[in-house]
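What follows is a single structure, written as structure tokens, with notes after it.
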Amino acid sequence: SFEFNLELYWQTDPSVMNPGDYYSIRFGSGSTNPIDVVFVFYSGYSNNGFSGSGTYLLKNGVAVAKSTVSPAAAGAGESQWYPITIKYNKSVVNTWTIITNGVTVMTYSDPNAISWQQLPNNDELSVMAYSGGALRMRVWVRKLNAFYKAILPIQTYNTALMPVHLYPS
């Protein structure tokens, strides 16, 4: 299990009226079953039967859940720092929890939660923003913090060292 925290600040490009399409946080590599939390501004967005602006959870690029609970993608609003927390619980109940500006905007129970992170080379994390067409925005992040809870065997000789890779318990 792990928790990832950051503060985010977004701003519309002064030359356009609307923000960009989305910003996202990816857990895992692009080739080994990544999980994406996508904060969508663009009302024309569509993925796997879900559409419109909101907060999405994608598995391997396919939307499996969407939330329109405020504050959704906009967080506290333009030109303001606000916190985002994403929690992964290695359980089939409430596997993923997304908290934006102190409000739980989504929980998702994943039936494959136990095996998700046990893939080789699936230890990447990325934050990105995307603006297509005439939409433009700027995104800044700060105060990135990740920690995990590991369950170790009772008899272990080396408990002071962190594992080389982040493998959730």
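Quick note: numbers below take in every heavy atom, side chains included, and nothing from hydrogens, waters or symmetry partners.
The minimum heavy-atom distance between Val92 and Pro111, with the atom names listed, is CG1-O, 3.8 Å. For Thr97 against Thr104, the heavy-atom pair with the smallest separation is CG2-CG2, 3.9 Å. The two residues Thr55 and Ile98 have their closest heavy-atom pair at CG2-CG2, 4.3 Å.
With hydrogens and angles disregarded, a donor-acceptor distance shorter than 3.5 Å links the side chain of Asn48 to the backbone of Ala63. With hydrogens and angles disregarded, no donor-acceptor distance shorter than 3.5 Å links the side chain of Ser24 to the backbone of Val37. Judged purely by atom type and a 3.5 angstrom limit, Ser67 uses its side chain to pair as donor or acceptor with the backbone of Val105.
For Glu78, there are no salt bridge (Lys or Arg N to Asp or Glu O under 4.0 Å) partners two or more places apart in sequence or in a different chain. In terms of the ring pair (Phe, Tyr, Trp, His ring centres under 6.0 Å) criterion, Phe50 has no residue partners (sequence neighbours excluded). Residues passing the side chain to side chain donor-acceptor pair (under 3.5 Å) test with Asn94, sequence neighbours excluded: none. Residues forming a side-chain contact (heavy atoms from CB on, under 4.5 Å) with Val64 (at least two apart in sequence, or on another chain): Leu57, Lys59, Tyr108. A search for ring pair (Phe, Tyr, Trp, His ring centres under 6.0 Å) contacts involving Tyr9 returns Trp81, Trp140, not counting sequence neighbours.
Atom OG1 in Thr85 sits 5.5 Å away from atom CD in Glu3 (nearest 0.5 Å). Atoms CE and CD1, on Met106 and Ile99 in that order, are 12.5 Å from each other to the nearest 0.5 Å. For the atom pair NZ of Lys87 and OG of Ser1, the computed distance is 11.0 Å after rounding to the nearest 0.5 Å. In this structure, OG on Ser131 lies 9.5 Å from CZ on Phe41, to the nearest 0.5 angstrom. Rounded to the nearest 0.5 Å, atoms CG (Leu6) and CD1 (Ile86) are 7.0 Å apart.
Between Tyr56 and Phe39 the shortest side-chain heavy-atom distance does not fall below 4.5 Å. Residues Leu58 and Val38 have side chains in contact (heavy-atom distance under 4.5 Å, counting atoms from C-beta outward). Residues Val69 and Val103 have side chains in contact (heavy-atom distance under 4.5 Å, counting atoms from C-beta outward). Between Asn60 and Pro34 there is a side-chain heavy-atom pair separated by less than 4.5 Å.
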Query - Evaluation steps, side-chain contact (heavy atoms from CB on, under 4.5 Å), between Trp96 and Thr107 - result: CA-CA 5 Å; Trp96 293 94; Thr107 56; over 6 Å; no

Report task. Determine, stepwise, if the pair Tyr22 / Trp10 fulfils ring pair (Phe, Tyr, Trp, His ring centres under 6.0 Å). Result -> CA-CA 10 Å; Tyr22 61 83; Trp10 66 272; over 10 Å; no

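Thr95 and Asn89 share no donor-acceptor pair across their side chains, judged by distance under 3.5 Å alone.
Counting non-hydrogen atoms of other residues, nucleotides and ligands closer than 6.0 Å to CZ of Phe4 gives a total above 12.
Annotation: Phe2 is in aromatic contact with Phe27 [ring centroid separation under 6.0 Å].
Residue pairs meeting the salt bridge (charged side-chain N to carboxylate O under 4.0 Å, His left out) criterion with at least one partner in residues 33-48, sequence neighbours excluded, are Arg26-Asp36.
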